[in-house]
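Beneath this line is the structure, given in structure tokens, with notes to follow.
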Amino acid sequence: MNEDLQVNISWLPLDPTESNSPENVTSAVSSLTPVLDPDPELVVNPWDIVLCTSGTLISCENAIVVLIIFHNPSLRAPMFLLIGSLALADLLAGVGLIVNFIFAYLLQSEAAKLVTVGLIAASFCASVGSLLAITVDRYLSLYYALTYNSERTVTFTYVMLIFLWGASTCVGLLPIMGWNCLNDESTCSVIRPLTKNNTAALSVSFLLMFALMLQLYIQICKIVMRHAHQIALQHHFLATSHYVTTRKGVSTLAIILGTFAACWMPFTLYSLIADYTYPSIYTYATLLPATYNSIINPVIYAFRNQEIQKALWVICCSCIPSSVSQRARSPSDV
């Protein structure tokens with residue numbers, strides 16, 4: 001991703017009007033040989049600094065969520081396991097961005113590049129997979145409300161986690177196992193050393209998962225509206241109260257899905273149409289919003305949760321504010 005900043009002037013072609021003269025033959029041949037500077041000046045791409053900064057923020061934010069869930073025995077319900085999976089995936093993605101920056105400028109080797117790109121690809125795949133798993137869990141908790149807390153739900157959650165982390169690990173191992181473009185630059189994608197076929201398959205998989213999430217959230221929205229209407233009838237609420245509760249639930253779902261699409265859709269569509277010949281600035285400009293999704297995820301899925309808020313307050317000040325402990329869950333809290 002740093003090739004644009006590493007272009008040496010000796011690699012540029014000569015002026016065509018001068019290349020036909022015999023005296024320039026020797027210089028033309030020598031110009032194809034890179035000149036090694038005994039004391040090269042390290043040029044850092046500002047985009048890489050931004051990505052590394054995002055990785056640091058992602059790591060710190062999600063590490064808090066992982067520690068809260070890991071050290072709190074009461075947070076072992078399927079919902080918290082999936083939130084923990086999402087936080088762990090985003091944490092690894094942040095670490096991958098930091099390590100990629102370090103290796104790109106301090107340890108420049110193809111093996112290190114394969115490992116870091118594989119780690120980032122696997123982490124982001126696990127992150128998107130965890131988001132889909134959370135969506136499935138929310139749908140099941142509403143559709144099968146009476147039997148949701150059974151052992152079958154816990155087993156199904158572990159099966160989902162094993163499957164998504166297994167698939168993500170396989171994606172991360174593909175570049176290391178030989179599915180890369182190091183030996184054939186013409187097959188490179190916008191993310192070297194991933195091949196064009198690899199990124200196309202990942203992009204299509206993302207679009208399919210996004211379509212599934214959209215369909216599930218539409219069904220969740222319908223269930224929330226029906227539940228809010230039933231509660232309003234049972235408690236003789238006014239129509240305006242029912243409208244406000246329903247609108248809040250729909251707005252929450254729209255924010256969740258809209259944020260996910262806004263962060264990931266630019267890079268997904270760009271990966272489908274672009275290849276290694278495109279300017280790297282387009283890759284940076286579309287990849288950076290995707291990293292922001294890992295920054296936003298803890299805010300949407302973890303820090304809004306009442307139980308995680310209580311645990312966080314206990315860790316910070318050994319107390320639980322009354323506003324947190326007494327807040328009732330409403331149908332809009334989806």
Side-chain angles (χ1 to χ4, degrees), residues 1-7 11 45-52 54-55 58 89-90 93 96-97 100-101 104 110 113-114 116-132 135 164 167-168 170-215 217 256-297:
M1 298 171 64
N2 305 326
E3 287 79 6
D4 290 355
L5 293 181
Q6 299 172 352
V7 177
W11 289 93
N45 191 334
W47 286 98
D48 288 331
I49 297 178
V50 175
L51 285 176
C52 183
S54 298
I58 291 170
D90 289 334
L97 291 174
N100 180 69
F101 178 84
E110 298 296 348
K113 183 180 294 184
L114 290 174
T116 54
V117 171
L119 174 61
I120 294 174
S123 301
F124 279 129
C125 286
S127 177
V128 175
S130 297
L131 290 175
L132 177 60
T135 307
L164 76 88
S168 301
C170 291
V171 170
L173 290 176
L174 287 179
I176 302 175
M177 299 301 292
W179 281 273
N180 56 66
C181 63
L182 294 181
N183 297 326
D184 187 3
E185 292 288 339
S186 62
T187 62
C188 283
S189 66
V190 294
I191 300 294
R192 189 178 182 274
L194 296 181
T195 64
K196 177 67 175 177
N197 292 335
N198 284 352
T199 55
L202 291 176
S203 298
V204 172
S205 300
F206 168 82
L207 293 176
L208 292 176
M209 286 191 290
F210 177 75
L212 180 57
M213 290 177 62
L214 179 61
Q215 179 62 28
Y217 271 123
I256 292 174
L257 199 60
T259 301
F260 178 67
C263 291
W264 276 106
M265 199 61 70
F267 180 72
T268 301
L269 298 178
Y270 178 72
S271 300
L272 285 175
I273 63 176
D275 56 24
Y276 73 101
T277 61
Y278 281 60
S280 63
I281 188 173
Y282 297 149
T283 303
Y284 283 112
T286 54
L287 179 61
L288 189 60
T291 64
Y292 290 160
N293 186 242
S294 296
I295 299 177
I296 300 172
N297 283 338

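Position 1 is the first residue of the sequence; numbering continues from there.
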Report task. Decide yes or no on ring pair (Phe, Tyr, Trp, His ring centres under 6.0 Å) for F260 and F206, but give the supporting numbers first. Result -> CA-CA 11 Å; F260 178 67; F206 168 82; 5.3 Å; yes
Query raised in the report: Where is the tightest heavy-atom contact between S127 and A89, given as atom of each residue plus distance?
Result: N-CB, 3.5 Å
Query raised in the report: Y270 versus L287: any side-chain heavy-atom pair under 4.5 Å?
Result: no
Query raised in the report: Taking the side chain from S271 and the backbone from F267, do they hold a donor-acceptor pair closer than 3.5 Å?
Result: yes
Report task. Determine whether more than 12 heavy atoms belonging to other residues, nucleotides or ligands lie under 6.0 Å from atom CG of D184. Result -> yes
Query raised in the report: Got a second to check how far L257's CG is from L214's CG, nearest 0.5 Å?
Result: 5.5 Å
Report task. Measure the shortest side-chain to side-chain distance between L272 and L207 over non-hydrogen atoms and say whether it is less than 4.5 angstrom. Result -> yes
Report task. Working to the nearest 0.5 Å, report the span between NZ of K113 and CD1 of I176. Result -> 14.0 Å
Requested in this report: Nearest 0.5 Å please: distance from the CG atom of D48 over to the OG atom of S280.
Outcome: 9.0 Å
Query raised in the report: Is any side-chain heavy atom of V117 closer than 4.5 Å to a side-chain heavy atom of P193?
Result: yes
Query - Closest non-hydrogen atom pair between I296 and C263, with its separation - result: CD1-SG, 4.3 Å
Query raised in the report: Between P175 and N180, what is the shortest heavy-atom contact and its length?
Result: O-ND2, 2.8 Å
Query raised in the report: Is a side-chain donor-acceptor pair under 3.5 Å present for T277 with D275?
Result: yes
Query - Results of side chain to side chain contact (heavy atoms under 4.5 Å, CB included) for L164 - residues two or more places apart only - result: S85, A126, S130, A133, L161
Query - Point-to-point distance, once rounded to the nearest 0.5 Å, from OH of Y276 to CD1 of I191 - result: 15.5 Å
Query - Exam field: side chain N297 to backbone N293, donor-acceptor pair closer than 3.5 Å - result: yes
Report task. Would you please name every residue forming a ring-ring contact (aromatic ring centres under 6.0 Å, His included) with F124, sequence neighbours left out? Result -> W264
Report summary line: Heavy atoms of R192 and L182 approach each other most closely as NH2-CD2, 3.6 Å
Query - Test item: T135 side-chain N/O and L131 main-chain N/O as donor-acceptor pair under 3.5 Å - result: yes
Query - Under 3.5 Å: donor-acceptor pair, side chain of T259, backbone of I256 - result: no
